[in-house]
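Remember, it's 1-based here, ligands and their atoms both numbered in the order they're listed. For the numbers below, each heavy atom of this structure counts, side chains included, while hydrogens, waters and symmetry mates do not.
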Amino acid sequence: MTHQTKNEIHNSLIQGEQTPVEIIEEYLKRIEAQESEMHTFIEVTGESCLNEAKQVPKPITKEIVEDTPFVGIPVGIKDNINVKGFKTTAASKILENHISVYDATVVRKIKNAGGLIIGKTNMDEFAMGSSTETSCFYPTKNPINTKYTPGGSSGGSAASVRAGHCTVSLGSDTGGSVRQPASFCGVVGIRPTYGLVSRYGMLSFCSSLDQIGTIANDVDDAFSLLEVISGYDPKDSTSVNIEYQDLKEPEEISTFGICNEIEKLYIDPFVHDMYKKVIAILLKNFKKENHWLDNLDKAMAAYHIIADSEASSNLARYDGVRYGLQISGESSQEAYIKTRTQGFGAEVKRRILLGTYILSEEIEGSYYKQALCAKEKITEKLDQIFSSCQFMVIPTSLKLPFKFGERNDPLDMYYSDYLTIPSAIAGMPSVTIPVGCNENGFSAGIQIMGPKFSEKVLHSVAKLIEGELK
Ligand code: GLN
């Protein structure tokens, strides 16, 4: 019974066909049967989730569902987001035994909305990667075909939804880490506007870009979870004082944009066909405009300069004194070196080294400043595009899922985010939806991007496409 939606579960609960405990038992059974191969989770909450399910009010009524929209729904949380009493490892040896002492704001909100946390999902170490292969524990398998990666870094969050190990999940998206794995696993994934969702209680990678996003089997579930976790939080200084209900209503959507560069890039033929299919659907309802995004390659370079610089600074806190792994040495310097040498994996070290170099006095921050200029230019360009159209459509990933070990060259891996980075560095929202199904069972992810705070517009467009594809 995969691909279950929140509505399906609620209908079954309201009609008394199943109890919340039975629902959770069913999910846990499926996890137990598949987890040794699939590895969607780092930790499953098991008993605790069942106990929570026992507390759900009975009988469940429509009113209860209205008040607590995630009542009885199993939710997966990426392992870089704190859930009190459970591990938060960010899939790193340096935090292997770290237990969270508090709930992240998003987790508190999900619990208040009745959601039941079923597990902490696997990921690339500190969210650096595009395949979950950098997790220090194990890679997650793609449920569609286990020879393939589920994408990353929120690979566990996307795979767990697709495999029916949870109904919805949270991931984090710095440059594409919600959307790329969602597209690889054939599910829906949203990166919200920067500042709409609090990051209090999320482990920082690149603070100026990190956002928490949602993953679900359908468009409504993904946006419903986003609505629950959105809103101002004084505990996150980048949080914007706006509530989801106050976002712009999708009243006048007349025009969408496409990006001319897409035709010049090498795109998997199936992805290209599905992209064309979506454009054909949109043309029945809206006018089309052609735009040049320019600077797509510069966006990727700028992203890595900014992300590595901030990562080198953010990860300095893992010093063997305050959190996690602690290896002693003759001096504090030696202890620091030993802890970080053993605690971090190769990709994380590569980024810390690059980031430290970029910020070093030797080059006086010139790369960093240039990257910020590129970020500004890309944002200006997108602002200009969105002054004449209400949304844009582009593929999520240039290629379909790849097999384990297929992308050994880090640069090759970095290209996975080529089309997800622009909206990330502009702080703009984007949703990926699965389109079609090829002979191997894979869908193409197609992104709908919009200007800041256009989530409701994206919701209605994504829903329209989803409806047409049924
Ligand atoms: N795959 C990208 C990276 O490795 C994006 C990561 C992310 O969004 N967290 O940096």
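Environment of NZ in Lys349: crowded, with over 12 heavy atoms of neighbouring residues, nucleotides or ligands closer than 6.0 Å. The environment of OH in Tyr367 is sparse: at most 12 heavy-atom neighbours from other residues, nucleotides or ligands sit within 6.0 Å.
Contacts of Tyr102 classified as ring-ring contact (aromatic ring centres under 6.0 Å, His included), with partners at least two apart in sequence or in another chain: Tyr200. Not a single salt bridge (charged side-chain N to carboxylate O under 4.0 Å, His left out) links Lys375 to another residue, sequence neighbours left out. For Ile31, the side chain to side chain contact (heavy atoms under 4.5 Å, CB included) partners are Leu28, Glu35, Phe41, Val44, Ile118, His165, not counting sequence neighbours.
Side chains of Ser172 and Lys78: a donor on one and an acceptor on the other come within 3.5 Å.
Contact residues for ligand 1 (protein heavy atom closer than 4.0 angstrom to any ligand atom): Ala127, Met128, Gly129, Ser130, Ser153, Asp173, Thr174, Gly175, Gly176, Ser177, Phe205, Tyr303, Arg351, Asp417.
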